Each structure stands twice: as C-alpha cells, then as structure tokens.
Amino acid sequence: MSPVEFWFDFSSGYAFFAAQRIDAIAADLGRTVLWRPYMLGTAYKVTGARGLSSTPLKRDYARRDWARIARHQGLTFQLPADHPHVALAATRAFYWVEPELAAAFAMRVFTLYFNDSLDTASPEAVSRLAPDFGLKPGALLAGIADPALKEKVRRIGEDAVARGVFGSPFFIVDEEPFWGWDRVEMMAEWVRTGGW
C-alpha cells in the first residue's frame, strides 16, 4: 500500500498540528508516512496566493485559531515574534538527514519553531540540532550548502506543485489529494472506505 504523503512548510501553524497526529492516523490505516517539507512560496508563485500571516483578516483569524487548537489539543504553541520564517535551511537540512531521521527531525524543527523561536532560515541555527541526532553541526552545515542538495530541494518542491500540491499541510494518498489540517479525518475515512 502506498504511503500517506504529508507535504508541509515548517512555518505553517496548521502543519504543526497535523504533524502531531499524522503518524498515528497513518498507522491506524496500515500506512506509513512520507514526510515532505517544501517551500510554500513555490506554490504561491503558481497560484498567486499569499500566506495567511501576510494576508489581512486571515492573519488575525489564523493566530486565534492556532491558539484555540493548541488549547483544545493540550499542546504548547507560541509563534515566533517574527513569524513566518522562510524555512529554507530547515527544509534543506531535512533532506540531508532523511530518510531514517526524517520524521523525528521534522518534529524537532516544528517543536522548536513553534515553542522556542528556532530560526528555520538560519543554517547555523538549524545545524545546532545535529547533535540531537548523532550528527556533527559542521557536516550538517556543509550538507545544507551542497549545490546538489539545493537543486534536489528545489526540484522536489517544483515537482510537488506540478502534481497539484499548493498548501500546507497537503496530503496525497492513493493519488487522492486533501488540503488542510481539517481534512485529516476525511482522508482517513476515504482510505478506510475506498473512497466515494
């Protein structure tokens, strides 16, 4: 059976909440999760959309909604003062450490960004996570700077958008797309029933 593809930007509040549950939901469905960060700006170039945090009215609503979801789920959640960050360094680091460490690394980035203001745009800040995973900060820094990795990350994002990925979080399972944190249960029901 194909995995649940979990596409996200590290600066997405809704992706943070989806990340807390996606592995358990997929396991309940007998599936694995393919964690796939990408740069949401890649999709915005195609759709002409703007991020929630840079859109009047939506920004204020999203911040209220994220706080409400965190209280409901019993999670700690604190936006960095300068939210959102362009999470390119964290995204490149993810693809350098994958696959064995992928989910754990992504969860660590999410937790630190939405609780301790991790600067996901800074290679130096992201490299300080390396020892948590038995890696050397210098090696991670070199990996983030590798032109081949940069090209790989760019291509992954562009390929995702070409497949129809345009938001965060965004899920694909059995070639069926689902956009948004609030579609996780629908996605699970789709898999359980074989669709409708």
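Nothing here was measured: the structure is a model prediction, and the numbers come from that model.
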Given Leu135 and Leu140, is the side-chain contact (heavy atoms from CB on, under 4.5 Å) satisfied, shown in steps? CA-CA 7 Å; Leu135 304 169; Leu140 182 53; 5.6 Å; no
Considering only heavy atoms from C-beta outward, does the side chain of Thr32 approach that of Asp23 to under 4.5 Å?
no
NZ/Lys45: more than 12 non-hydrogen atoms of other groups inside 6.0 Å: no
(message) I'd like to know if the side chain of Arg31 and the backbone of Ser2 have a donor-acceptor N/O pair within less than 3.5 Å.
(response) yes
#### Entry: Side chain to side chain, Val184 and Phe17, heavy atoms closer than 4.5 Å
no
### Task
Could you tell me whether the side chain of Thr111 and the main chain of Met107 form a donor-acceptor pair under 3.5 Å?
yes
Do Trp7 and Glu5 have side-chain atoms, one donor and one acceptor, less than 3.5 Å apart? yes
Is the shortest side-chain N to carboxylate O distance from Glu98 to Arg92 below 4.0 Å? no
- Connected via hydrophobic side-chain network under 4.5 Å: Phe166 and Val161: yes
ask   = Does any N or O in the side chain of Asp116 come within less than 3.5 Å of the main-chain N or O of Leu118, such that one atom is a donor and the other an acceptor?
value = no
Handout entry: Common cluster, Val33/Val97, ILVMFWY with side-chain heavy-atom separation under 4.5 Å
Key = yes
Report task. Indicate yes or no: at least one non-hydrogen side-chain atom of Tyr14 is less than 4.5 angstrom from one of Ser168. Result -> no
For Phe105 and Ala90 the tightest heavy-atom approach is CE2-O, 3.9 Å
ask   = Thinking salt bridges, do Glu158 and Arg154 make one under a 4.0 Å N-O criterion?
value = yes
Closest non-hydrogen atoms of Pro56 and Ser54, given as atom of the first, atom of the second and distance, are CD-O, 3.8 Å
The reported gap from CG in Leu88 to OG in Ser11 (rounded to nearest 0.5 angstrom) is 11.5 Å
task: Mark yes or no for whether Asp146, through its side chain, and Ala148, through its backbone, hold a donor-acceptor pair below 3.5 Å.
output: yes
Correct closest heavy-atom pair for Gly167 and Tyr38 would be O-OH, 2.8 Å
To the nearest 0.5 Å, atom CG of Asp119 lies from atom CG of Leu112 at 12.0 Å
Do the side chains of Leu34 and Val4 get nearer than 4.5 Å, heavy atoms only? no
Might you confirm whether atom CD of Gln78 has over 12 heavy atoms from other residues, nucleotides or ligands at distances under 6.0 Å?
-> no
Angle class for the Trp190/Phe178 ring planes (parallel below 30°, perpendicular above 60°, tilted otherwise)?
perpendicular
Review point. Which is it for Glu176 and Arg183 under the salt bridge (Lys or Arg N to Asp or Glu O under 4.0 Å) test, yes or no, and what are the steps along the way?
Key: CA-CA 12 Å; Glu176 191 69 19; Arg183 289 296 184 263; over 6 Å; no
To the nearest 0.5 Å, atom CZ of Arg36 lies from atom OG1 of Thr91 at 11.5 Å
Ile69 and Trp179: same hydrophobic cluster, using ILVMFWY side-chain contacts below 4.5 Å?
yes
To the nearest 0.5 Å, atom CH2 of Trp181 lies from atom CG of Asp65 at 7.0 Å
| Side-chain touch Arg59/Leu52, heavy atoms, less than 4.5 angstrom | no
So Phe16 and Phe77, would you call those rings parallel, tilted or perpendicular, with 30° and 60° as cut-offs? tilted
CG of Leu29 to CD of Glu189, rounded to nearest 0.5 Å, is 9.5 Å
Closest non-hydrogen contact found for Phe171 with Ala18 is CZ-CB, 3.9 Å
Open item on the list: Is any side-chain heavy atom of Asp28 closer than 4.5 Å to one of Arg192?
Closed with: yes
message: Using ring centroids (six-membered ring only for Trp), state whether Phe10 and Tyr113 fall under 6.0 Å.
response: no
Stepwise, does the side-chain contact (heavy atoms from CB on, under 4.5 Å) test hold for Leu149 with Tyr95? CA-CA 8 Å; Leu149 182 77; Tyr95 287 107; 4.0 Å; yes
Rounded to the nearest 0.5 Å, the CZ atom of Arg163 sits from the CD1 atom of Ile172 at a distance of 4.0 Å
Exercise for review: Determine yes or no for a side-chain-to-main-chain donor-acceptor pair under 3.5 angstrom, with Ser122 supplying the side chain and Ala125 the backbone.
Suggested key: yes
Check your understanding: Are side-chain heavy atoms of Tyr44 and Met39 found at a separation under 4.5 Å?
Key -> no
Can you tell me if Arg68 has over 12 outside heavy atoms packed within less than 6.0 Å of its CZ? yes
Closest non-hydrogen contact found for Ser117 with Pro80 is OG-CA, 3.6 Å
Original post:
Parallel, tilted or perpendicular: which fits the ring planes of Phe8 and Phe94, with parallel below 30° and perpendicular above 60°?
Top reply: perpendicular
Original post:
Is a side-chain donor-acceptor pair under 3.5 Å present for Ser53 with His83?
Top reply: yes
State, yes or no, whether a side-chain contact exists between Arg108 and Phe133 at a heavy-atom distance under 4.5 Å.
-> yes
